[in-house]
Protein chains: 2
Amino acid sequence: MPASRKRVTLRDVATRAGVSVAQASFALNGQGRVAPATVERVRRAASDLDYQVDGRARALRTGQRSAYGVVIRNMRNPFFLDVLRGMEVRAHREGAFLLILSSDYDVDREAAALRRLAAEGVGGVAISPIGRHGPLAAWLPRHPDVPVVAFNRTPEPAPPEGDRLSTVGPDDGAAVDLALEHLRARGHRAPTLVMAPEGLAADWGREEAFVRRCAEWGLAGTVVRCPLDHDSVARMVVERVGASAGGGTAGHEAFVVNSDYLGSAVYAAARSLGSRVGRDLSVVGHDDLATSELLDPGLTTVGVDRELLGDHAMRLLVSPDEAPEGRRVRLPVHLVERNSVALLHD
Amino acid sequence: MPASRKRVTLRDVATRAGVSVAQASFALNGQGRVAPATVERVRRAASDLDYQVDGRARALRTGQRSAYGVVIRNMRNPFFLDVLRGMEVRAHREGAFLLILSSDYDVDREAAALRRLAAEGVGGVAISPIGRHGPLAAWLPRHPDVPVVAFNRTPEPAPPEGDRLSTVGPDDGAAVDLALEHLRARGHRAPTLVMAPEGLAADWGREEAFVRRCAEWGLAGTVVRCPLDHDSVARMVVERVGASAGGGTAGHEAFVVNSDYLGSAVYAAARSLGSRVGRDLSVVGHDDLATSELLDPGLTTVGVDRELLGDHAMRLLVSPDEAPEGRRVRLPVHLVERNSVALLHD
DNA sequence: GCTTCGTGATGAAACGATTCACCACAGGGG
DNA sequence: CCCCTGTGGTGAATCGTTTCATCACGAAGC
């Protein structure tokens with residue numbers, strides 16, 4: 001055969017099968033009334049010519065969307081890779097595509113991403129939004145028929161009633177519960193919850209669960225607010241440990257942090273103090289990143305099935321109505337016990 | 001305004017501006033002959049109505065591809081997330097989209113992914129292929145006008161002459177050079193290169209560079225072949241260290257492995273031997289994963305800019321012709337020095 | 001015999017953009 | 001007066017599907 005082969009079109013299939021384009025289309029899609037013999041002929045012609053329907057043309061005509069948009073806030077976080085994988089597997093199963101964009105915490109880029117996705121006519125958007133009042137909030141009412149699901153490391157607070165935004169995220173309340181229970185079982189009586197400074201909504205539900213449980217179990221819990229970057233957390237830990245040691249109570253500090261990344265900050269602090277995690281001070285992380293196993297000692301952490309998270313998000317987009325769990329999915333969490341929590345005898 | 005707002009189409013813009021659809025199109029795209037005043041009117045109308053061109057319709061008509069396919073072999077490897085990010089940034093800059101699929105080392109899924117991407121009419125495909133003779137090989141000649149670039153953790157051997165497949169990957173020869181040079185500088189005389197068993201082509205170029213350098217520098221290098229999973233490598237290390245210790249030479253073993261993942265296997269082996277990496281035995285990794293810094297001691301490794309890798313791959317797709325570096329890109333590598341290589345005095 | 005079905009098949013109108021082939025018209029040159 | 005040219009503009013074809021409205025035709029009901 002010579003050189004350039006043009007795209008095989010439905011017309012080619014039709015002529016080869018000796019029918020009209022319409023019948024060919026019907027035959028392949030199982031629609032309309034078409035004689036079984038014809039179906040067979042068309043099928044054969046299609047496979048002979050290695051015919052593939054043109055996704056763009058179909059999408060244009062039917063308005064049916066076979067592509068879904070994914071907007072990731074931080075494409076450097078390995079957390080999202082697993083989520084992406086979960087989405088991809090589900091999308092593949094549904095015969096859909098993923099259009100992946102990243103916003104990089106940039107408001108303009110998030111806005112641009114949403115605009116482009118709308119222009120492309122996606123069937124839905126999964127997004128880890130920059131903020132509750134960012135571009136997404138403005139975009140939502142202008143595109144009333146595009147399902148949108150927000151997925152997050154830590155879930156956003158429940159949206160106001162009537163909001164069309166679905167959400168998927170780990171059950172943060174349960175995560176704190178799990179961490180506290182573990183600490184209590186190992187003899188800890190004065191846990192410390194590390195939270196972002198007031199006003200950052202992302203940690204909603206954690207504090208509530210924390211104070212409730214502490215009250216219930218008679219623990220002397222404290223909540224400390226601190227910017228959630230590595231250095232700030234490390235400094236905070238050093239200060240608190242210093243204070244409690246100097247205070248003469250010889251209290252053992254036990255921290256509950258909302259990511260494994262910050263967990264490793266506690267390790268750094270311990271190193272600089274000359275003390276050892278899992279013996280002189282304790283910490284429970286959140287996320288169960290791959291790195292957490294490699295730390296020495298291994299970081300005890302609350303994990304969530306990230307692929308499942310992606311799967312749920314996709315499902316909410318593909319069939320927004322039949323979601324049995326409702327449109328606010330909080331995923332179960334589990335404790336991954338390693339050696340970062342000391343066993344206290346009292 | 002009532003409830004459902006239909007999609008704003010070019011016709012709407014045209015009527016509002018009081019011109020024909022054709023002129024509206026020309027005006028917005030800067031094509032054809034259109035009076036400056038008209039351009040202005042059309043522009044205003046478009047922005048008034050918040051018009052966005054329909055990507056599908058445009059793609060259908062022009063055949064112009066604004067989407068590029070990415071097929072990832074292993075969507076669990078964090079290596080690829082950074083690559084993806086590099087691709088995404090470049091694609092965004094070019095106004096293009098990424099369609100991301102994963103093959104999961106499954107030949108059928110790779111084939112399906114390629115088929116679907118072709119059906120969607122993508123402008124190019126970046127793929128980390130399962131193998132040199134997998135579905136990709138069959139797919140390539142059937143789609144002569146789709147640019148394809150293979151990107152990899154470790155590059156494939158140069159394709160046969162005339163092959164349309166571009167490749168991007170770290171410069172593996174240089175990586176081995178760097179590792180060896182570092183070992184030599186620290187007094188090591190008998191390095192060991194860990195390679196996959198014969199027949200797995202992925203490591204091509206490493207061995208060659210290794211033996212050449214060893215000869216040049218008078219090192220007593222050995223190449224050991226071993227399945228590249230965590231346990232096999234750990235076992236192999238234990239054996240070799242045992243042998244060299246038992247042999248009475250008291251030789252210090254220094255390993256060069258082709259990933260950080262395998263580097264951590266050496267750590268595991270050291271633990272089980274009761275010896276310490278960076279003192280009793282040495283290892284140089286490859287990839288500079290985030291985890292490598294967290295190991296104790298830190299893993300000395302050869303890194304490559306993964307985002308740059310993605311960027312190059314995308315560039316080869318977007319403008320296949322004007323690539324100044326040619327179509328076989330080997331990216332520069334650099335040594336990340338930590339503490340996994342002992343300093344030997346001799 | 002004439003109407004009414006049901007079956008299988010078809011032509012053509014969408015979908016929303018781009019673009020080719022014209023056209024109107026004013027001005028200038030012969 | 002006629003021809004040509006350059007400018008601004010328009011209608012319609014086209015991309016590859018899906019799908020609506022129609023039709024041919026033989027069987028069946030009256």
Side-chain angles (χ1 to χ4, degrees), chain A residues 4-43 45-46 49-67 95 116 118-123 145, chain B residues 4-43 45-46 49-67 95 116 118-123 145:
Chain A
S4 101
R5 204 166 351 168
K6 286 325 284 175
R7 176 179 254 284
V8 177
T9 165
L10 187 56
R11 189 198 314 285
D12 303 333
V13 175
T15 42
R16 176 175 244 258
V19 292
S20 71
V21 192
Q23 277 302 81
S25 173
F26 285 141
L28 291 179
N29 297 330
Q31 313 278 339
R33 290 182 309 233
V34 35
T38 312
V39 171
E40 186 47 38
R41 246 179 327 149
V42 172
R43 284 242 176 83
L49 283 108
D50 192 26
Y51 168 74
Q52 289 286 132
V53 9
D54 185 318
R56 302 163 305 194
R58 165 179 285 175
L60 176 59
R61 175 61 232 247
T62 61
Q64 164 212 315
R65 340 295 186 123
S66 73
R116 294 179 58 204
E120 206 62 18
V122 294
D145 17 75
Chain B
S4 99
R5 204 167 350 170
K6 286 323 285 174
R7 177 177 253 284
V8 178
T9 166
L10 187 56
R11 189 198 313 286
D12 302 333
V13 175
T15 42
R16 177 176 242 258
V19 291
S20 72
V21 193
Q23 277 303 80
S25 173
F26 285 140
L28 290 178
N29 297 329
Q31 313 277 339
R33 290 181 309 235
V34 35
T38 312
V39 172
E40 186 47 38
R41 246 178 327 147
V42 173
R43 284 242 176 83
L49 289 141
D50 193 25
Y51 167 75
Q52 290 285 131
V53 324
D54 185 317
R56 300 162 308 193
R58 165 180 285 175
L60 176 59
R61 175 62 232 248
T62 62
Q64 165 214 315
R65 340 295 185 124
S66 74
R116 294 178 59 203
E120 207 63 17
V122 293
D145 17 74

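It should be emphasised that the depicted structure is a prediction, and the values quoted were computed from it without experimental measurement. Residue numbering restarts at 1 for every chain, and letters A, B, ... go by the order of the sequence lines.
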Can you list the residues that meet the side-chain contact (heavy atoms from CB on, under 4.5 Å) rule with B/Ala119, with sequence neighbours excluded? A/Gln52

Distances under 3.5 Å between protein N/O atoms and the N/O atoms of nucleotides 24-26 of chain D, please, pair by pair.
none

Check: residues 26-34 of chain B side-chain donor-acceptor pairs under 3.5 Å, at least two apart:
residue: B/Asn29; atom: ND2; partner: B/Ser25; partner atom: O; Å: 3.3

With sequence neighbours left out, write down each residue that passes salt bridge (charged side-chain N to carboxylate O under 4.0 Å, His left out) with B/Arg16, or none if nothing qualifies. B/Asp48

Reading 5' to 3' through nucleotides 10-19 of chain C, protein heavy-atom contacts under 4.0 Å coded B for base, S for sugar-phosphate only, - for none: BB-BBBBBBB

Which heavy atom of A/Leu10 sits nearest to which heavy atom of A/Tyr51, and what is that distance? N-CE1, 3.5 Å

Work out which heavy atom in A/Ser66 is nearest to a heavy atom in B/Glu120; give both atom names and the distance. OG-OE2, 4.3 Å

Could you tell me which non-hydrogen atom of B/Gly18 sits nearest to which non-hydrogen atom of B/Arg41, and how far apart they are? O-NH1, 4.5 Å

What heavy-atom pair brings B/Thr15 and B/Asp12 nearest, and what distance separates the two atoms? OG1-O, 2.9 Å

I want to check one thing: is the phosphate of C/dA9, taken as OP1 and OP2, less than 4.0 Å away from some side-chain N or O of A/Thr38? yes

Sequence neighbours left out, what passes salt bridge (charged side-chain N to carboxylate O under 4.0 Å, His left out) with A/Asp54? Give chain and number order. A/Arg7, A/Arg56

